[in-house]
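Computation of the quantities below employed the complete heavy-atom set of this structure, encompassing side-chain atoms and omitting hydrogens, waters and symmetry-equivalent molecules. None of the values given here were measured: they were computed from a predicted structure.
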Amino acid sequence: MPSAADNPYRALPSVDALAAEPALADLAGEFGPELVTRLIQGAVDRMRSQIRERDLDGSAVRARVDAGDLVRDVQAAVARERRAGVVPIVNATGVVLNTGLGRAPVHPEAAAAMAAVAGGYCVLEVDRESGKRNRRDDRVGELVGRLVGCEAAIAVNNCAAAVYLSLQTFAGARAAVLSRGELVEIGGSFRMPDVMSRAGVRLVEVGTTNRTRGADFERALDTEPDVAALLKVHTSNYRVVGFVEEVSPAQLAQIGAARGVTTIYDLGSGRLDAPGTASLDFLGDEPDVREAVASGVDVVLFSGDKLLGAPQAGILAGKAEAIGALRANPIYRAVRLDKVGLAGLEKTLELLLAGRGDELPARALLTASAAQIEPRARALAAELAGLPQLTAEVVGELSQPGSGSAPDVFLPTFCIRVVHEQHSAEALSRALRRGEPPVFARVHDDRVLLDPRTLLPGDDARLVQAFAILTGA
Ligand SMILES: *Cc1c(COP(=O)(O)O)cnc(C)c1O
């Protein structure tokens, strides 16, 4: 039987003793004592499992503790803690609208407007002339109206909220008709049939996966009880090609108007060719917001932070009567946009109306040509190739718009293909993500690819700095 002195568990220091170690003593000031205790307890528990699994004796444990194993384990947990949360990164993936990476970067003037109202008071629901209460999105409604030609508009938290609000408002406890070709799932958990049932809407499916006609909607209106809305959803993240037929928004609007039911068109991205801005025609059949509104449907829904290039928002634009009904729904209060989002959205819409849409980062990145990108790729490759253990070469590649916009559209670009003498591509890209600043790259054919398309002003230098730290240069 081992003596008490040999008991390996007795060789473990107490949590308090570890917390007092010079290397860890300042952490309570940064994270609070409770979290520090939890991180230390975690390290001690991991050492306990090692004792069990490897049958360590007291002297082996003491040797590890004296060598600083526990302190290092706590420091690794602290490093993970410091990396947690929403922090800026360098996006070198070439995917312009990446939901995981924050979608559209906003214009610096929009960012400044957002910061200004975030850190202070603002005019939100007050009329400056009379001092009386007014509505928070009157201005957005006016700006969207001028931009897309609708009678009225409101803004909510995102397009998903816009879908929910409009279904609940117009078809709650009743039924809505949707083509089987448009029963989409957006980004994981947002499935149209599930959203409808949660909004209390009975889904009436019509047509087939590849072909749906106006007559299918007419028949549903004739035979199904309680139909209150006709819905059209843009198949943002996939395309059906070949023998395909769909009901146009104009045709849907006509049927809805004739039968007295509301028509809703969810565009998702919503392409907007504003006056004086480069055309986004290269995005193919991504529907245009202005055309969608002009088709006569009652409400058009689109995202703020996809092709519009604004902060996260969902915009509902359409007929005054329909927008009035949406505004009157108490659910609107639960999903409306906050002052920060409103400030950024208003500024973005103003820039578009002023003919400065090409300055919006998301649009500028999307429209950048390969010829514009190539010199940046060459300059970066030259700098990276000068770092120890790295080789870097420029290769012709393709970028993607992303965020479920135009899944069949690829944008010619030039990437830097980076190889590290010791790290695999996966290891290098992981080190980059964990680096300072964090860099997100593409991995293709076991090579790390850096696409300058998504680098914002100042990012080129930050990217080189991240590599310099990583390679110890
Ligand atoms: C992206 C998308 C949504 C969801 O928009 P969010 O702004 O992400 O909430 C809804 N419908 C369609 C068709 C989309 O493409």
Side-chain angles (χ1 to χ4, degrees), residues 1-90 92-93 99-102 188-189 387-390 418-443 446-448 465-473:
M1 188 160 159
S3 69
D6 267 346
N7 182 334
Y9 297 100
R10 292 255 175 114
L12 288 170
S14 71
V15 168
D16 285 344
L18 265 173
E21 287 272 345
L24 306 179
D26 291 339
L27 293 175
E30 186 179 348
F31 297 109
E34 275 173 31
L35 177 62
V36 175
T37 302
R38 187 140 54 82
L39 297 181
I40 292 175
Q41 189 67 58
V44 173
D45 289 347
R46 280 187 288 278
M47 184 73 89
R48 283 176 179 277
S49 328
Q50 280 190 24
I51 293 172
R52 256 195 321 278
E53 283 157 20
R54 301 185 198 168
D55 209 13
L56 301 179
D57 63 14
S59 62
V61 174
R62 263 187 301 278
R64 284 168 194 232
V65 172
D66 290 346
D69 281 17
L70 277 170
V71 170
R72 264 194 305 281
D73 193 4
V74 175
Q75 284 171 329
V78 165
R80 278 194 295 278
E81 194 64 33
R82 289 202 179 107
R83 284 195 296 269
V86 180
V87 295
I89 60 138
V90 171
T93 64
T99 302
L101 303 181
S189 56
L387 295 173
Q389 300 190 301
L390 281 189
V418 185
V419 178
H420 190 278
E421 271 174 24
Q422 269 153 35
H423 298 311
S424 68
E426 283 301 336
L428 180 58
S429 82
R430 176 162 187 262
L432 285 167
R433 289 197 303 272
R434 291 156 51 108
E436 194 47 52
V439 173
F440 281 66
R442 218 155 66 216
V443 174
D446 205 33
R447 293 281 181 267
V448 169
Q465 183 203 337
F467 270 95
I469 294 173
L470 196 117
T471 54

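How far CG of D57 is from CZ of R62: 8.0 Å, rounded to the nearest 0.5 Å. Rounding to the nearest 0.5 angstrom, the gap separating the CG atom in D45 from the CZ atom in R38 is 12.0 Å. Atom CD1 of I469 and atom CG of L432 lie 11.0 Å apart (nearest 0.5 Å). With rounding to the nearest 0.5 Å, the separation of CZ in R72 from CD in Q75 is 8.0 Å. Here the CD1 atom belonging to I51 is positioned 4.5 Å from the CG atom belonging to L12, to the nearest 0.5 angstrom.
The backbone N or O of P438 lies less than 3.5 Å from no partner atom in the side chain of R83, so there is not a single donor-acceptor pair.
Nearest heavy atom pair, residue A425 against residue V448, reads O-CG2, 3.4 Å.
Looking only at atom types and distance, the side chain of D16 has no donor-acceptor partner in the side chain of S14 under 3.5 Å away.
None of R48, M47, R46 except one satisfies the side chain to side chain contact (heavy atoms under 4.5 Å, CB included) rule with Q50; the exception is M47. Exactly one of Q422, R447, H423 qualifies for a side chain to side chain contact (heavy atoms under 4.5 Å, CB included) with L428. That residue is H423.
Taking 4.5 Å as the limit, every side-chain heavy atom of L387 sits out of range of all side-chain heavy atoms of L470. Put simply, the side chain of V65 reaches to within 4.5 Å of the side chain of L70, judged on heavy atoms. Side chains of L56 and R64 form a contact here, defined as non-hydrogen atoms less than 4.5 Å apart. T471 is listed as a side-chain neighbour of H420, based on a closest heavy-atom distance under 4.5 Å.
In R82, the CZ atom is crowded: over 12 heavy atoms of neighbouring residues, nucleotides or ligands sit closer than 6.0 Å. Heavy atoms from other residues, nucleotides or ligands lying under 6.0 Å from CD of Q389 number more than 12. Annotation: D66, atom CG; neighbour count of heavy atoms from other residues, nucleotides and ligands within 6.0 Å is above 12.
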